[in-house]
Enquirer: 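Sharing a structure, written as C-alpha cells. Questions coming.
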Number of protein chains: 2
Amino acid sequence: MTLDVGSRLKAVRQLYGLSQRELAKRAGVTNGTISLIEQNRVSPSVSSLKKVLDGVPMTLAEFFTLDPEAAPQVFYGGDELTDLGSGKVSLRLVAARRPGRRMSILREVYAAGADTGEEMLSHEGEEGGIVVRGRIELTVGGQAKMLGPGDAYYFTSSLPHRFRNPGREECEIISASTPPTF
Amino acid sequence: MTLDVGSRLKAVRQLYGLSQRELAKRAGVTNGTISLIEQNRVSPSVSSLKKVLDGVPMTLAEFFTLDPEAAPQVFYGGDELTDLGSGKVSLRLVAARRPGRRMSILREVYAAGADTGEEMLSHEGEEGGIVVRGRIELTVGGQAKMLGPGDAYYFTSSLPHRFRNPGREECEIISASTPPTF
DNA sequence: CCTAGGTGTCTAGGATATTAAACGCAACGC
DNA sequence: GCGTTGCGTTTAATATCCTAGACACCTAGG
C-alpha cells in the first residue's frame with residue numbers, strides 16, 4: 001500500500017479545523033468511519049471517501065495530489081534553467097531537479113523555421129503560455145493561429161498540437177504544463 | 001455520486017489495449033472485480049482501485065484528474081489576458097474564463113517600489129516563474145534573493161513569500177501556479 | 001459441427017467496510 | 001466532587017465489496 005490515506009485525511013481535516021464528528025456530520029457518515037479511516041484500519045470505498053471529502057470540501061483529485069512531504073525547497077537563479085532543446089527548438093526547464101514537481105515551466109525559443117512536426121504532439125494534461133517576442137503559429141485540434149508578443153494560449157494537451165515558426169525571426173515563449181511534461 | 005469511476009476505468013483500460021482479465025492479472029485482482037467496477041455495480045475501496053491502477057500503471061491522482069469531458073476548448077489571443085491587478089502590481093491571467101483550469105498562468109508587472117507586503121502570502125500548491133525584464137526581490141521562507149532577466153524560481157506556495165521591486169524600473173515576470181490561485 | 005480460446009457477466013460465500021452506540025479520557029463550570 | 005460537553009476510539013451487527021468459478025457469447029480453425 002504505502003499510500004497513507006489515513007494521515008492524509010487527518011491532515012486535511014485538521015487543516016480545516018474540523019473534528020471527526022463535525023466532518024462526519026457534513027459528509028453524511030459516522031464519526032467512527034472517519035476514525036477508522038484515519039487510523040488506516042480500513043480502506044474506504046471511493047464513494048465513501050468522496051462523501052467525506054465533499055464535507056471539506058475537496059475533490060478526490062486534489063486529495064490524491066497532495067504532496068505529503070511538500071518539499072520546502074526553493075529553486076531559483078539562472079542556473080535553474082536546464083537546457084533540453086535540440087536543433088531549432090531550445091527548451092529550458094525551471095527547477096528540473098526538483099522531485100515531484102507538479103508543473104513544467106519552460107522558456108522555449110523557436111529559431112526561424114522551427115517546427116515541432118506534422119505528427120502532432122498529444123499527452124494528458126493542460127498547457128498554456130505567453131509569447132514574449134517574435135511570432136509563432138500554433139495549431140490545436142486542426143485550427144491554426146498566429147500569435148505575437150503579448151498573446152497567450154491555453155488548451156488541453158490531449159488535443160493534437162504543433163508549434164511552428166514560419167518567419168525569419170526567433171520566437172520566445174514562456175509556457176507551463178501540468179502534470180509536468182519534462 | 002455522479003462520479004463515473006466505472007466508465008473512467010474502462011476508458012483507461014481500453015486506452016492501454018487491455019482486456020479485463022489482462023488488467024486483473026497485472027493488478028492482482030479478479031476479472032470479476034474489474035467487471036463489477038466498470039459497471040458501477042460496486043464502488044471499489046481505495047486500496048483495490050490503487051491495485052488496479054498500478055496494473056496500468058497510473059496514479060490515483062492521475063485517474064481522478066482525468067477530465068471526462070476534456071474541454072476541447074482552446075483559448076488564445078491577447079484577449080485571453082484578463083486584467084486583475086491593482087495599484088503597483090499588474091496581473092494578467094491567461095484563460096480566465098476557462099472552467100476547471102488546473103493552472104494559473106500570469107503575466108505580472110511590478111512597478112518601481114511595488115511590494116506584495118510584509119504579511120507574506122501563503123497558499124497550497126506550487127508556483128514558479130521566469131523574469132522577462134527588470135529586477136525583483138523574492139523572499140521565500142525568510143530568504144531573500146534578487147532576480148534579473150532570465151532568472152527563474154520555483155517553490156511550494158505554502159512557504160510564506162513576498163515579491164518586492166526595490167529598483168526604479170518596472171519588472172515583468174511570467175509565472176504559473178497549480179492549483180490555480182486565480 | 002464442434003472444440004479452443006477469447007471476450008464480458010453473473011452468483012454464492014467469505015472478507016472487508018460502515019453504522020450505531022458504548023467507552024474512556026480530558027477540560028470546564030458549579 | 002459531579003454533571004456536562006467535547007474529543008477520538010472501540011465494538012457487534014449490518015451492509016458492501018471481492019473472489020472463485022460458472023455462464024453465455026463470439027470468432028477462428030479443424
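We name chains A, B, ... by the order of the sequence lines, and we start the count at 1 in each one.
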Enquirer: In whole angstroms, how far is the C1' atom of D:dT19 from the CZ atom of B:Arg41?
Expert: 15 Å
Enquirer: Please check if the side chain of A:Glu38 supplies one atom and the backbone of A:Ile34 the other of a donor-acceptor pair under 3.5 Å.
Expert: no
Enquirer: Between C:dA22, D:dC7, D:dT19, which one does the side chain of A:Ser19 approach most closely?
Expert: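 Taking heavy atoms from C-beta onward, the closest nucleotide is D:dC7.
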Enquirer: In this structure, how many angstroms lie between the P atom of C:dG8 and the CG atom of B:Leu9, rounded?
Expert: 12 Å
Enquirer: Could you check how far CD1 of A:Ile37 sits from C1' of D:dT10, rounded to whole Å?
Expert: 16 Å
Enquirer: Quick test of your reading of the model: are B:Arg135 and B:Glu169 salt-bridged, counting only N-O distances below 4.0 Å?
Expert: no
Enquirer: Would you kindly give the CG-to-C1' distance between A:Leu49 and C:dT18, to the nearest whole Å?
Expert: 14 Å
Enquirer: Would you state whether a donor and an acceptor, one from the side chain of A:Arg21 and one from the base of D:dG8, lie under 3.5 Å apart?
Expert: yes
Enquirer: Can you check the A:Lys25 NZ to C:dA20 C1' distance for me, whole Å?
Expert: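 In whole Å, C:dA20 C1' lies 16 Å from A:Lys25 NZ.
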Enquirer: Pick base, sugar-phosphate or nothing for A:Leu36, based on heavy-atom distances below 4.0 Å to the nucleic acid.
Expert: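 Base contact.
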Enquirer: Students often get this wrong, so: under 4.0 angstrom with heavy atoms, is A:Thr33 touching a base, only sugar-phosphate, or nothing?
Expert: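 Counting heavy atoms under 4.0 Å across all strands, the contact made by A:Thr33 includes a base.
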Enquirer: Select base, sugar-phosphate, or nothing to describe what B:Gln39 touches, counting heavy atoms under 4.0 Å on all strands.
Expert: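 It contacts sugar-phosphate atoms only.
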Enquirer: Which nucleotide wins on minimum distance to the side chain of B:Pro44, given the candidates C:dA17, D:dC18, C:dT9?
Expert: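 Nearest nucleotide to the side chain: D:dC18.
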Enquirer: Using whole Å, what does the distance between atom C1' of nucleotide D:dT9 and atom CG of A:Asn40 come to?
Expert: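 Taking CG of A:Asn40 and C1' of D:dT9, I get 15 Å after rounding.
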Enquirer: Contact class for A:Ser35 vs. all strands (heavy atom < 4.0 Å): base, sugar-phosphate, or nothing?
Expert: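 Base: the residue A:Ser35, judged by heavy atoms under 4.0 Å, touches a nucleobase.
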Enquirer: With a 4.5 Å limit on heavy-atom distance, are the side chains of B:Val46 and B:Leu49 in contact?
Expert: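 Side-chain contact under 4.5 Å: no.
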Enquirer: Would you say A:Gln20 places a side-chain N or O within less than 4.0 Å of OP1 or OP2 belonging to D:dT9?
Expert: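 A:Gln20 to D:dT9 OP1/OP2: side-chain N or O found under 4.0 Å.
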Enquirer: When you check the phosphate oxygens OP1 and OP2 of C:dG8, does a side-chain N or O of B:Arg13 lie under 4.0 Å from one of them?
Expert: yes
Enquirer: Tell me: CG of B:Asn31 to P of D:dA22, nearest whole Å?
Expert: 13 Å
Enquirer: For B:Ile34 and A:Thr30, take the nucleotide of DNA chain C holding the closest heavy atom to each; which residue's nucleotide lies nearer the 5' end?
Expert: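 That would be B:Ile34.
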Enquirer: Base, sugar-phosphate, or nothing for B:Val42, non-hydrogen atoms under 4.0 angstrom?
Expert: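 Sugar-phosphate only.
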Enquirer: Would you call A:Arg107-A:Glu172 a salt bridge at under 4.0 Å N-O?
Expert: yes
Enquirer: Any non-hydrogen side-chain atom of B:Ile130 less than 4.5 Å from a side-chain atom of B:Ile174?
Expert: no
Enquirer: Between C:dT7, C:dT18, D:dC7, spot the one nearest the side chain of A:Ser45, thanks.
Expert: C:dT18
Enquirer: Can you tell me the distance, in whole Å, between the CG atom of A:Leu23 and the C1' atom of D:dG8?
Expert: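 After rounding, the gap between these two atoms is 13 Å.
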